[in-house]
Amino acid sequence: MASVPGVNSLAGFGLYPRREMRDRYNLIAAAEAHVLWKAHLGHHVRGTIREPLESALIGQDGICQLGNWIRGSVFKPFRETEAYRQLNEAHLQFHEMGRNIVEHLKRGDRKGAEALFDNEYSLALRRILQSLTEINRLLYDI
């Protein structure tokens, strides 16, 4: 395994546990789910979908599979890595910004919702994708 700062917690993981983790947890699907959700919320921001959204529910980062993985034991081997710390922070921000966007829309503040969507929300998603990419790389780095 390559020497990567903060990855010492993976040193005890042999080929089999990494393969098992790769097979059991589809990080690509978790990333895609967040990309699709952002696209869905974007339709709301642009006004092309008008269905009720519950901001409190959207704001809960544990509501999705990735949030459960972050909080649970799935990512335990990565908790000392920068990729995990960034993922945790970005995922919290993604859901919090989603909640804020919905609240702006409920108040009729489409411009405020658009600003959050185009800036902080997009950045949070980008950071989630970068972190998942790094964690995925660590699973394949032997």
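Since this is a predicted model, take the numbers as computed values, not measurements.
In this structure, His44 and Glu51 have side chains that are in contact, with non-hydrogen atoms separated by less than 4.5 Å. Side-chain atoms of Asn100 and Tyr121, non-hydrogen and from C-beta on, never get closer than 4.5 Å to each other. Side-chain contact between Leu123 and Phe94: absent, with no pair of heavy atoms (C-beta onward) separated by less than 4.5 Å. Put simply, the side chain of Gln60 does not reach to within 4.5 Å of the side chain of His95, judged on heavy atoms. Looking at heavy atoms from C-beta onward, Leu129 lies out of side-chain contact with Arg126 at the 4.5 angstrom threshold. At least one side-chain heavy atom of His34 sits under 4.5 Å from a side-chain heavy atom of His91. When side chains are defined from C-beta on, Arg71 counts as touching Asp61, because their heavy atoms get closer than 4.5 Å. When side chains are defined from C-beta on, Ser131 does not count as touching Glu82, because their heavy atoms never get closer than 4.5 Å.
In this structure, CD1 in Ile101 is found 11.5 Å from OG in Ser55, a value given to the nearest 0.5 Å. Going from atom CZ of Phe75 over to atom CG of Leu27 covers 5.0 Å, rounded to the nearest 0.5 Å. To the nearest 0.5 Å, atoms CD1 (Ile135) and CD1 (Ile70) are separated by 7.5 Å. Separation of atoms CD1 (Ile63) and CD1 (Ile58) is listed at 9.5 Å; rounding is to 0.5 Å. For the atom pair CG of Leu53 and CZ of Arg99, the computed distance is 13.5 Å after rounding to the nearest 0.5 Å. To the nearest 0.5 Å, the span separating CD on Gln86 from CD on Glu134 amounts to 9.5 Å.
Note: the hydrophobic cluster containing Tyr84 does not contain Leu92 (ILVMFWY, side chain heavy atoms under 4.5 Å, direct or indirect links). Hydrophobic cluster membership differs between Val102 and Leu57, with clusters built from Ile, Leu, Val, Met, Phe, Trp and Tyr side chains linked at under 4.5 angstrom. Hydrophobic clustering (side-chain heavy atoms under 4.5 Å, transitive across Ile, Leu, Val, Met, Phe, Trp, Tyr) groups Val35 together with Leu116.
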request  = List the steps and the verdict of salt bridge (charged side-chain N to carboxylate O under 4.0 Å, His left out) for Glu89 and Arg127.
outcome  = CA-CA 9 Å; Glu89 180 183 301; Arg127 291 177 61 222; 2.8 Å; yes
query = Does the pair Leu87 and Phe78 meet the rule for a side-chain contact (heavy atoms from CB on, under 4.5 Å), with working shown?
reply = CA-CA 10 Å; Leu87 176 62; Phe78 301 99; over 6 Å; no
task = Go through the steps to decide whether Asp118 and Val45 satisfy the test side-chain contact (heavy atoms from CB on, under 4.5 Å), and finish with yes or no.
result = CA-CA 10 Å; Asp118 291 338; Val45 169; over 6 Å; no
query = Could you go step by step and tell me if Leu66 and Ile128 meet the side-chain contact (heavy atoms from CB on, under 4.5 Å) rule?
reply = CA-CA 10 Å; Leu66 180 58; Ile128 287 171; 4.1 Å; yes
key: side-chain contact (heavy atoms from CB on, under 4.5 Å) between Arg79 and Arg85, worked out   = CA-CA 7 Å; Arg79 287 205 176 127; Arg85 285 187 285 276; over 6 Å; no
task = Please step through salt bridge (charged side-chain N to carboxylate O under 4.0 Å, His left out) for the pair Lys106 and Glu103, ending with a clear verdict.
result = CA-CA 5 Å; Lys106 284 183 176 183; Glu103 288 179 359; over 6 Å; no
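For His40 and Trp37, the distance between ring centers is under 6.0 angstrom.
For CZ of Arg50, the number of neighbouring non-hydrogen atoms (other residues, nucleotides, ligands) closer than 6.0 Å is 12 at most. For Ile28, the CD1 atom is loosely surrounded, since the number of other residues' heavy atoms within 6.0 Å does not exceed 12.
Shown here for Gln93 and Ala124, the closest heavy-atom pair between the two residues is OE1-CB, 3.8 Å. When all heavy atoms of Ala113 and Leu105 are compared, the pair lying nearest together is CB-CD2, 3.7 Å.
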